[in-house]
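A short worksheet on the structure shown next.
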Amino acid sequence: MEAGTDLQLKLPGDIGSFKIAPLHILPLIENAFKYITHHKDPSLNKLHIAINMEQESELVVTVSNTYNSLDITNQPLNSKGLGLKNMERRLALLYPDKYILSSTRNENIYVTTLKIKYHD
């Protein structure tokens, strides 16, 4: 019996009145699904999403997924897709100097982190 893909979503109990413009998290999640591994054992395919508040004034979204490091043509850092480019443009317009978007990877885990500082 297969255990299924390891999909986790972690949300805080309360984020207060913190709000961001619509659809800013969606491209991160779409990319994670696009680049996730396709192991025969589905429990080896991992996608984790965490949304947190830091210091009550910063929203932090972290999306991590397994990816196939041997597939050079389908690696997330080798291609900045239109979705992430558009997302960065929107962030620069709506949250100038109030956001950080970063990506890292190791052997088989790709992690994207978005931090947005609250402003009135």
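Every heavy atom of this structure was used, including side-chain atoms; hydrogens, water molecules and symmetry mates were not. None of the values given here were measured: they were computed from a predicted structure.
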Is it true that, when you exclude Asn106 itself, more than 12 heavy atoms of the residues, nucleotides or ligands shown sit nearer than 6.0 Å to its CG? yes
Can you confirm whether Glu54 is buried at CD, in the sense that more than 12 heavy atoms of other residues, nucleotides or ligands lie under 6.0 Å from that atom?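 More than 12 heavy atoms, drawn from other residues, nucleotides or ligands, come within 6.0 Å of this atom.
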Answer whether the closest heavy-atom distance between the side chains of [X] and [Y] falls below 4.5 Å.
X	Y	answer
Ile100	Lys117	no
His48	Lys46	yes
Pro27	Arg90	yes
Leu59	Met53	yes
Leu84	Leu28	yes
Thr113	Val61	no
Ile109	Tyr67	no
Leu91	Ile116	yes

With a 4.5 Å cut-off on side-chain heavy-atom distances among I, L, V, M, F, W and Y, is there a chain of contacts connecting [X] to [Y]?
X	Y	value
Val111	Leu9	no
Leu101	Ile20	yes
Leu26	Met87	no

Walk me through whether Leu11 and Asn52 qualify under side chain to side chain contact (heavy atoms under 4.5 Å, CB included). CA-CA 7 Å; Leu11 299 170; Asn52 300 306; over 6 Å; no
Point-to-point distance, once rounded to the nearest 0.5 Å, from [atom1] of [X] to [atom2] of [Y]:
X	Y	atom1	atom2	result
Tyr35	Glu30	OH	CD	11.5 Å
Asn45	Lys40	CG	NZ	12.5 Å
Leu47	Asn65	CG	CG	5.5 Å

Does either side chain, that of [X] or that of [Y], offer a donor lying less than 3.5 Å from an acceptor on the other one?
X	Y	value
Ser64	Tyr110	no
His39	Asn68	no
Asp6	Gln8	yes

Closest non-hydrogen contact found for Tyr99 with Glu88 is OH-O, 3.8 Å
With Ile29, which residues qualify under side chain to side chain contact (heavy atoms under 4.5 Å, CB included), at least two apart? Ile25, Phe33, Ile49, Val63
Does Thr66 have any side chain to side chain donor-acceptor pair (under 3.5 Å) partners at least two apart in sequence or in another chain, and if so, which?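 With sequence neighbours excluded, Thr66 shows a side chain to side chain donor-acceptor pair (under 3.5 Å) to Thr37, given in chain and number order.
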